[in-house]
Amino acid sequence: MGQVVTIDGPAASGKTSVSRELAKRLGWSWVSTGAFYRGLAYVAHSTATTLHDEEALAKLAVDKMWQVKMAHDHTRVFLNGKDVTDEISQEHVGGIASQISHFPKVRAALLQAQRECQKNSSGLVAEGRDCGTVVFPDAAVKIYLTARQEDRAERRAKDLGLSVAETVKAQVQRDQQDSSRKAAPMKVPEHALVVDTTELDFKQVVGLIEDHVKRII
Ligand code: DC
């Protein structure tokens, strides 16, 4: 099993693009753990499972009708064999994912599959909210990526063609939910390097993190 680098942080902090590029430069595998929560949110919605039923959601989390598969471009989700990766990327699916992610049984049910991403890899870059604190507590390097709220919302609104004001509102709510929940709240892992990307461009962020990783590994 290879080493792990974790990149956690709030919504639209650039975790996905930065972690994907870092994995590419290191020649490692890459996984977005948000895809597990988004996938479950989408499956729950598709099967009309009530979003308040922790037991039913935990059962659905390990149902063979859906799978998460790592790829170099996206962490892909399949439901009954159909690729639903585009569908889970929508902002409202992120909102439902955040809503159901506070259930401890749901988190426990998704944990094993997330940890398995490390198997058979020469190294893994994993991004999410609790990668450095819960999923891979022994990760060799931990990063916490953040940026000014308005910048993050602007970035996400541009990507998805949404209004900035609406996106700020949705993000504030999601970040609040993700950082205040009792089970595995989003927080800066111990010994993590905190990178504020507000004044940096993409290349600078990836370069800075790559240098940090290479100094440690
Ligand atoms: O990173 P993302 O936008 O794809 O994540 C969607 C939601 O999934 C996020 O708001 C909370 C949840 N999530 C989580 O609880 N733990 C993770 N490691 C990743 C995502």
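All figures in this text were calculated on a predicted structure; none of them were measured in a lab. Whatever order the structure lists ligands and atoms in, that order sets their numbers, starting from 1. If you read the sequence from its start, that first residue is 1, and numbering goes on from there.
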Identity and distance of the protein heavy atom lying nearest atom 1 (O) of ligand 1: Arg129 NH1, 2.7 Å
Just jot down the ligand 1 atoms closer than 4.0 angstrom to any heavy atom of Ser101, in number order. 11 (C), 12 (C), 15 (O)
Can you confirm, on distance only, whether ligand 1 has an N/O atom lying under 3.5 Å from any N/O atom belonging to Arg181? yes
In terms of residue, atom name and distance, what is the protein heavy atom nearest to atom 13 (N) of ligand 1? Tyr37 CD1, 3.6 Å
Close approach of Met186 to ligand 1, heavy atoms, under 4.0 angstrom: no
Any donor-acceptor pair under 3.5 Å linking the side chain of Glu210 with the backbone of Leu22? no
Please answer whether the main-chain N or O of Asp201 pairs with a side-chain N or O of Gln204 as donor and acceptor at a distance below 3.5 Å. yes
The answer for which part of Asp130 has a heavy atom under 4.0 Å from ligand 1 is both
Working to the nearest 0.5 Å, report the span between OG1 of Thr197 and CZ of Arg148. 10.0 Å
Heavy-atom contacts with Arg38 under 4.0 Å: which atoms of ligand 1 show up? List them by number with element. 2 (P), 3 (O), 4 (O), 6 (C)
Who gets closest to atom 11 (C) of ligand 1 by heavy atom: Val134, Val93, Val135, Asp178? Asp178
Just heavy atoms, cut-off under 4.0 Å: does Arg107 contact ligand 1 by side chain, backbone, both, or neither? side chain
Between Trp30 and Asp73, which heavy-atom pair has the shortest distance, and what is it? CZ3-O, 3.7 Å
Can any side-chain N or O of Arg155 pair as donor or acceptor with the backbone N or O of Lys158 at less than 3.5 Å? no
For Glu91 and Thr167, indicate whether the former's side chain and the latter's backbone hold a donor-acceptor pair under 3.5 Å. no
Heavy-atom pairs closer than 4.0 Å: do any link ligand 1 to the side chain of Arg174, the backbone, both, or neither? side chain
Mind checking whether His102 contacts ligand 1 via backbone (N, CA, C, O), side chain (CB onward), both or neither, at a 4.0 Å heavy-atom cut-off? neither
Which ligand 1 atoms are under 4.0 Å away from a heavy-atom of Gly128? 18 (N), 19 (C)
Salt bridge (Lys or Arg N to Asp or Glu O under 4.0 Å) between Glu21 and Arg25, worked out: CA-CA 6 Å; Glu21 175 63 19; Arg25 290 190 189 185; 3.1 Å; yes
Between Tyr144 and Ala192, which heavy-atom pair has the shortest distance, and what is it? N-CB, 4.4 Å
